[in-house]
Amino acid sequence: MGRHFPKGLGSSYHGPNERSVGKWDSMTSPQSGTSSSAPPADRAEPELQRHFDDTIAHNQRIEPRDWMPEGYRRTLIRQIAQHAHSEIIGMQPEGEWITRAPSLRRKAILFAKVQDEAGHGLYLYSAAETLGADRADLTERLIEGRQKYSSIFNYPTPTFADVGVIGWFVDGAAICNQVPLCRSSYGPYARAMVRVCKEESFHQRQGYELLLTMMRGTDEQRAMVQDAVDRWWWPSLMMFGPPDDDSPNSAQSMAWKIKRHTNDELRQRFVDMTVPQAEKLGVTLPDPELRWNEERGHHDFGTPDWSELKRVISGDGPCNAQRMERRRTAHEEGAWVREAAAAHAAKQDKRREEGSAA
Amino acid sequence: MSDTEGTKGNWPLYEVFVRGKRGLNHVHVGSLHAADDRMALTHARDLYTRRNEGVSIWVVRSEHIAASTRDEKDPFFAPSADKVYRHPTFYDIPDDVPHI
C-alpha cells in the first residue's frame, strides 16, 4: 500500500492506511481468486511485473489482490498447501498417544498440542485460499495423494519418548524453517507464520521438558529416550529438504523471497542449535562425524541418506499408507456432520426468511 | 474448483476479526469455514483465541465484504494524496513556540 503514497508524507502514514485499506485486501473474497489470475486489460503485463518486482525488491509484502506472476502464485499455493497438509497429518503420530499418556498432565498437554497442529493447518489453508485455492479441493488433493506433506510424519511413534523427541527435534526443525518465513514476501503466509511460531515454541519446550523428566527416571526410560533420538535424528535433518545442489526450485523461491534461507543453511542452524541441547539432556546424537569445526564456527555433520528421503516422499515410508488411510477415513466419516450442519443452517435461514415475511 | 460448492455440504467462508483487549479495534486475523454465524463464532474462538488473544470476535461472510478493487486503486485513493495540508508537518511553526 505504501508504495502508492506520495513520498513526501513519510512512512508514518503507512500504518493507518494499511489498517483501513490493506486489511480488506487480505480478504479471501470468492472473486479474488478468479479475477486476480487475469491482469486488468488496461495495464500491460510488463508494467505489472515491474511493479511486483519493485515491491519484492523493497521488502514489501505482496497482498492477495495484487497482480503476481502465475509461477509465484502456483509456487505459493503448493508450498502453503503442503505446509497445511503437514500440520494436519502431523496430528497423527502424537495423537496416537493421547489415550495412553502416562498422566493427566501429559494428556492435557498433548491434547493442546495436537489441537494447535490442527489450528496451524487451518491458518495455512486460510492463507492458501487468499491465492484462489479452494479448501475442499486442497483436502481432495491430499487425500488422493496429489499433494505432498512433510516426510517426517511417515515415521512411527512406538514409545512415549517419541512424543518428547518429536517436540524437541521436529518442532525445533519446524521453528528453524518457519521463523524466517515470518518475513516471507506473501503477506497472508507471513502473518500465519507469526501465529504458528508463537505457538510452536510451547511445542518444543514441552517435548524437551518431557525428555528431561524421562532422563531423570530409570535406566529403561533413559534407554527409551536414546532410542527415540537415534530413530528421529536423521529424518529430522531430512525435514529441511534435499541438499542445495539438488534443490532446483530453491533459487527462484529465494529470488521471490518466499524462502529466505537455503535448505543447507537451515539444516546447519538446526544442528548447531540442537547439539548443546543434546549435551544438557545427556543423549548422544547418532552421527560419528558430528564435531565442532572451529574454523567454520559451525558443527560438521554426516550426510543424511537422501535415497531414504526420496523413498519416503514418494510414498514408501514406514507409515505413509496408514497416515493417508486415516485421513481419508476421518474425512469420509465426517461427511454426514458437514452435510447435517449445512442442512441445519439452510433450515434456519429459511425459517428466518419466513419469519420476516410474515 | 467451485463446482463442489454446496453440493457436498461445503460451508461458506467467513472472515474473522478479533479485539485483542479493551481499548483496541477489532483486527482481521484470518478466515474459516462454517455452516452458519453461530458455528463461525465458536470456530473462530477455538481457532484464533486459544491463548487469550481476544475479548470480542466479529465474523462476517466473506461474500458480504465490499472491497476496493485493485483496478480502481490508484484513482480510488487519489483524493487522499494531494491534500498535504491535512498533515501537521505541513505547517511551519517557529521552534520557540512551546507545546505545539
Side-chain angles (χ1 to χ4, degrees), chain A residues 1 4-6 8-10 13 17 19 21 23-36 40 42-43 65-67 112 115-116 118-119 122-123 125-127 129-130 132-137 140 188 191-192 195 198-199 335-346 348-349, chain B residues 1-17 25-40 43-44 46-51 53 60-74 76-78 80-84 86-90:
Chain A
M1 286 285 100
H4 290 295
F5 254 66
L9 289 181
Y13 290 94
N17 182 52
R19 187 149 303 247
V21 181
K23 290 293 171 187
W24 301 105
D25 263 5
S26 68
M27 299 290 174
T28 33
S29 61
Q31 60 272 34
S32 69
T34 44
S35 67
S36 49
D42 59 334
R43 284 167 78 183
R65 291 148 57 88
D66 289 340
W67 181 89
Q115 193 190 17
D116 274 353
L122 296 178
Y123 303 153
Y125 283 131
S126 165
E129 279 181 300
T130 65
D134 173 77
R135 196 174 307 211
D137 178 60
E140 296 281 316
R191 292 191 285 274
R195 297 187 74 87
K198 273 186 200 160
E199 301 181 351
W336 73 269
V337 180
R338 294 191 294 276
E339 283 160 19
H344 176 74
Q348 295 295 110
D349 273 352
Chain B
M1 258 181 348
S2 59
D3 60 342
T4 54
E5 194 79 32
T7 58
K8 290 187 193 168
N10 286 338
W11 299 336
L13 190 63
Y14 281 81
E15 301 296 334
V16 181
F17 301 78
N25 285 323
H26 284 76
V27 172
H28 181 239
V29 292
S31 66
L32 51 77
H33 288 264
D36 56 28
D37 294 356
R38 203 177 64 166
M39 186 194 276
H43 281 184
D46 294 346
L47 185 55
Y48 291 105
T49 63
R50 284 196 301 283
R51 291 177 174 78
E53 291 101 330
V60 60
R61 289 274 289 268
S62 306
E63 64 189 19
H64 291 160
I65 287 176
S68 61
T69 70
R70 178 188 59 231
D71 309 23
E72 62 185 322
K73 196 151 48 183
D74 287 343
F76 192 70
F77 295 108
S80 71
D82 60 359
K83 295 178 182 59
V84 284
R86 275 188 171 146
H87 301 282
T89 47
F90 179 72

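Here the structure is a predicted model, which means the values were calculated and not measured. Numbers restart at 1 for each chain; the letters A, B, ... are given by sequence-line order, proteins then strands.
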Contacting region of [X] [heavy-atom separation from chain A under 4.5 Å]:
{"X": "B:Tyr48", "value": "both"}
{"X": "B:Leu32", "value": "backbone"}
{"X": "B:Arg38", "value": "neither"}

Comparing B:Arg51, B:Arg61, B:His64, B:Met39 against chain A, the one with the most heavy-atom pairs below 4.5 Å turns out to be B:Arg51
Turns out that what part of A:Asp349 lies under 4.5 Å from chain B's heavy atoms comes down to neither
- Heavy-atom donor-acceptor pair, A:Arg65 side chain to B:Ser68 backbone, under 3.5 Å: yes
NE2 of B:His43 to CH2 of B:Trp11, rounded to nearest 0.5 Å, is 5.0 Å
dist B:Ile65:CD1 -> B:Tyr14:OH (nearest 0.5 Å) comes out at 12.0 Å
State, with a plain yes or no, whether a side-chain heavy atom of A:Glu129 is found less than 4.5 Å away from one of B:His33. yes
(request) Determine whether B:Glu53 and B:Val29 make a side-chain contact, defined as any pair of heavy atoms from C-beta on separated by less than 4.5 Å. (result) no
Heavy-atom pairs under 4.5 Å with chain B: which of [options] has the most?
{"options": "A:His344, A:Gln348, A:Arg195", "value": "A:Arg195"}
{"options": "A:Leu122, A:Val337, A:Asp116", "value": "A:Asp116"}
{"options": "A:Lys198, A:Arg135, A:Gln115", "value": "A:Arg135"}

